[in-house]
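For reference, the structure discussed in these notes is given below.
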Amino acid sequence: MEKLTIGIIGAGRIGRMHAENIVYIPNVKIKTISDLFIENAKLWAEQIGIQNVTTNYQDILNDPEIDAIFICSPTSTHGSIIKEAARAGKHIFCEKPVSFSTEETKEALEVVKEAGVKLQVGFNRRFDPNFKKVHDTVKEGKVGEPHILKITSRDPEPPPAEYIKNSGGLFFDMAIHDYDMARYVIGSEVEEVYVQGVNLVDPIFEELGDIDTAMTILKFENGAIGVIDNSRKAVYGYDQRLEVFGSKGSVTAQNEHPTNVEISTEDGVYKDKLKHFFLDRYKDAYMIETHAFIDSILNDKPLVCIGNDGLQAELIAKAARESFETGKPIKLIREEYSLL
């Protein structure tokens, strides 16, 4: 394939970000974008050269000129759109998670497998240059056998109540990124999950049946253990750190700042607060993952983050929620869907 024509479903924050990244990629054209409230996006779409806008995403699926789609609509719609798109012969990029139900995810993956199309799940942190360097260092054996994984993932401020209500909760919305990162970096499946969670940031989380602070302990099949701490509010910025300690050493990815300037005076040593917004912190990662998806189609290359990765992260999130509710460690019954 020499050229790729894309349709985007969902013109919210993530959909617009992907569109603005794609328009600069050679041999790729965004033909159509859909959204239930497309009137709010018409001027923006015109400014970046998108030809068509529609309120009906099926206009995209029924267009024979469109080769691939980006699903950037609410999570509750992902599973059904994946199945429709696969049956229409479209390659699929889907933002995480695939769904809130592992059963629905498995159904979607089966349809993708039968259709023979590509499906990439949007765990963008795999493509962050710093985190990828940690992954590569571990995979190359430079720190020996992995013993301990530490992930810190803290938002700078809580999301609005309307978002919390439909997010799927901390485990499926926030920590699921870290569960995927844990598998990716350690290179082993998770066999047991134990969680402690509380509400310390804002009572709105408890009112909506969610939590805002959690610690997850993971036990991997290769014997390593991992600990992930999540908070919905870090007053100093978007806190994203990663460390793997092994038999021959350790490898660490630290936070990113707007600049690396450090000021030293008699009053102390100062530098910028952390990057505040996830689209700023992971700007490069989002661009790289988009290029990787397009390259996999144009040049028939393997995907980095396949459907099975989405399923495994959801299984961990499901176990985490069960552990939180029961107060007990949960053993995972692992399922794998190859070539997805």
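The first residue of the sequence shown is numbered 1, and numbering continues consecutively from there.
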After noting the C-alpha distance and the side-chain angles of Tyr236 and Arg154, does the key distance pass the side chain to side chain contact (heavy atoms under 4.5 Å, CB included) rule? CA-CA 10 Å; Tyr236 49 86; Arg154 304 169 186 161; 2.9 Å; yes
Dump the intermediate steps for salt bridge (charged side-chain N to carboxylate O under 4.0 Å, His left out) on Asp173 and Arg232, then the final yes or no. CA-CA 11 Å; Asp173 174 54; Arg232 285 292 195 180; 2.9 Å; yes
Begin with the C-alpha distance, continue with both residues' side-chain angles, and end with the deciding distance and a verdict on salt bridge (charged side-chain N to carboxylate O under 4.0 Å, His left out) for Lys233 and Asp202. CA-CA 9 Å; Lys233 185 178 181 181; Asp202 192 321; over 6 Å; no
Lys83 and Glu107: salt bridge (charged side-chain N to carboxylate O under 4.0 Å, His left out), yes or no, with the steps? CA-CA 8 Å; Lys83 288 184 280 189; Glu107 287 179 15; 3.3 Å; yes
Given side chain to side chain contact (heavy atoms under 4.5 Å, CB included), test Ser34 with Asp59 step by step and report yes or no. CA-CA 8 Å; Ser34 72; Asp59 293 341; over 6 Å; no
Run the side chain to side chain contact (heavy atoms under 4.5 Å, CB included) test on Arg183 and Arg126 for me, step by step, so that the C-alpha distance in whole Å, both residues' side-chain angles and the decisive distance to 0.1 Å come before the verdict. CA-CA 10 Å; Arg183 293 181 60 248; Arg126 287 180 176 232; 3.8 Å; yes
Could you walk me through whether Ile33 and Trp44 satisfy the side chain to side chain contact (heavy atoms under 4.5 Å, CB included) test, starting with their C-alpha distance in whole Å, then the side-chain angles of each, then the deciding distance to 0.1 Å, before giving a yes or no? CA-CA 11 Å; Ile33 188 163; Trp44 162 82; 3.7 Å; yes
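Ion pairing of Asp180 with Lys96 is absent here, as no side-chain N (NZ or NE/NH1/NH2) approaches a carboxylate O to less than 4.0 Å. At a threshold of 4.0 Å, the pair Glu103-Lys106 counts as salt-bridged, since one of the basic side-chain nitrogens sits closer than that to a carboxylate oxygen. A salt bridge between Asp67 and Lys3 is absent, with no side-chain N of the basic residue lying under 4.0 Å from a carboxylate O of the acidic one. Ion pairing of Arg125 with Asp178 is present here, as a side-chain N (NZ or NE/NH1/NH2) and a carboxylate O approach within less than 4.0 Å. The residues Glu162 and Lys165 are annotated as salt-bridged, a charged nitrogen and a carboxylate oxygen being separated by less than 4.0 angstrom.
Looking at Ile306 and Asp309, their side chains come closer than 4.5 Å, going by heavy atoms from C-beta outward. Residues Ile211 and Val198 are not in side-chain contact: their nearest non-hydrogen atoms beyond the backbone lie 4.5 Å or more apart. Counting heavy atoms from C-beta outward, Gln51 and Lys29 have side chains that approach closer than 4.5 Å. Side-chain contact between Asn124 and Phe278 is absent, with no heavy-atom pair separated by less than 4.5 Å. Looking only at side-chain heavy atoms (C-beta outward), Lys132 and Phe127 stay at 4.5 Å or farther from each other. Within the 4.5 Å cutoff, the side chain of Ile217 has no heavy atoms near those of the Gln196 side chain. When side chains are defined from C-beta on, Thr213 counts as touching Val201, because their heavy atoms get closer than 4.5 Å. For the pair Asp128 and Ile288, the minimum side-chain heavy-atom distance is 4.5 Å or more.
Between the side chains of Asn130 and Glu256, at least one donor N or O sits under 3.5 Å from an acceptor N or O. Using a 3.5 Å distance cut-off with no hydrogens or angles, the side chains of Gln240 and Ser153 do pair a donor with an acceptor. Counting only N and O atoms by type, the side chains of Thr216 and Tyr179 include a donor and acceptor under 3.5 Å apart. Side chains of Thr259 and Asp272: a donor-acceptor N/O pair is present below 3.5 angstrom, by distance only. Side chains of Ser99 and Thr105: a donor on one and an acceptor on the other come within 3.5 Å. If you check the side chains of Asn21 and Thr290, you find no donor sitting under 3.5 Å from an acceptor.
A side-chain donor-acceptor contact under 3.5 Å links Ser167 to the backbone of Ile164. A side-chain donor-acceptor contact under 3.5 Å links Asn62 to the backbone of Gln58. Under the 3.5 Å distance criterion, the side-chain polar atoms of Thr55 are left unmatched by any main-chain donor or acceptor of Leu36. A donor-acceptor pair is defined here as one N or O able to donate and one able to accept, closer than 3.5 Å; no such pair exists between the side chain of His147 and the backbone of Phe245. No donor-acceptor distance shorter than 3.5 angstrom exists from the side chain of Lys275 to the backbone of Tyr282, with no hydrogens or angles considered. In terms of modelled atom types and a separation under 3.5 Å, the side chain of Arg16 and the main chain of Ala11 share a donor-acceptor contact. Under the 3.5 Å distance criterion, the side-chain polar atoms of Glu192 are left unmatched by any main-chain donor or acceptor of Pro329.
Taking CD1 from Ile330 and NZ from Lys318, the interatomic distance works out to 11.0 Å, rounded to the nearest 0.5 Å. Atom CD1 of Ile69 is separated from atom CD1 of Ile8 by 10.5 Å, given to the nearest 0.5 angstrom. Taking OH from Tyr238 and CG from Leu279, the interatomic distance works out to 9.0 Å, rounded to the nearest 0.5 Å. The line from CD1 of Ile14 to CD1 of Ile71 is 14.0 Å long, rounded to the nearest 0.5 Å. How far CD of Gln254 is from CG of Asp239: 9.5 Å, rounded to the nearest 0.5 Å. Distance check: Lys219 NZ to Glu189 CD gives 15.5 Å after rounding to the nearest 0.5 Å.
In Lys331, the NZ atom is crowded: over 12 heavy atoms of neighbouring residues, nucleotides or ligands sit closer than 6.0 Å. Atom NZ of Lys90 sits in a crowded spot, with more than 12 heavy atoms from other residues, nucleotides or ligands closer than 6.0 Å. More than 12 non-hydrogen atoms from other residues, nucleotides or ligands lie less than 6.0 angstrom from CD of Glu221. Applying the 6.0 Å contact sphere to NZ of Lys31 captures more than 12 heavy atoms from other residues, nucleotides or ligands. Counting heavy-atom neighbours within 6.0 Å of Glu46 CD, excluding the residue itself, gives a total of 12 or less. Around CD of Glu206, the count of heavy atoms belonging to other residues, nucleotides or ligands within 6.0 Å does not exceed 12.
Both Ile22 and Ile38 belong to a single network of hydrophobic side chains, linked directly or stepwise wherever heavy atoms of I, L, V, M, F, W or Y lie under 4.5 Å apart. Linking Ile, Leu, Val, Met, Phe, Trp and Tyr residues whenever their side-chain heavy atoms come within less than 4.5 Å leaves Val244 and Ile225 in two separate clusters. Note on Tyr24 and Ile6: same hydrophobic cluster, where clusters join Ile, Leu, Val, Met, Phe, Trp and Tyr whose side-chain heavy atoms are under 4.5 Å apart, directly or indirectly.
Classified by interplanar angle (parallel below 30°, tilted 30° to 60°, perpendicular above 60°), the ring pair Phe70/Phe93 is parallel.
The aromatic ring centres of Tyr184 and Phe131 sit 6.0 Å or more apart.
In this structure, Cys305 and Phe123 approach most closely via the heavy-atom pair SG-CD1, 3.7 Å. Smallest separation of non-hydrogen atoms from Ala115 and Ala86: CB-O, 3.2 Å.
Considering Val195, Asn230, Asp229, Ile228 as possible partners of Met215, the one that fulfils the side chain to side chain contact (heavy atoms under 4.5 Å, CB included) test is Asp229. Under the side chain to side chain contact (heavy atoms under 4.5 Å, CB included) rule, Ile92 has a single partner from Leu119, Ile81, Ile9, which is Leu119.
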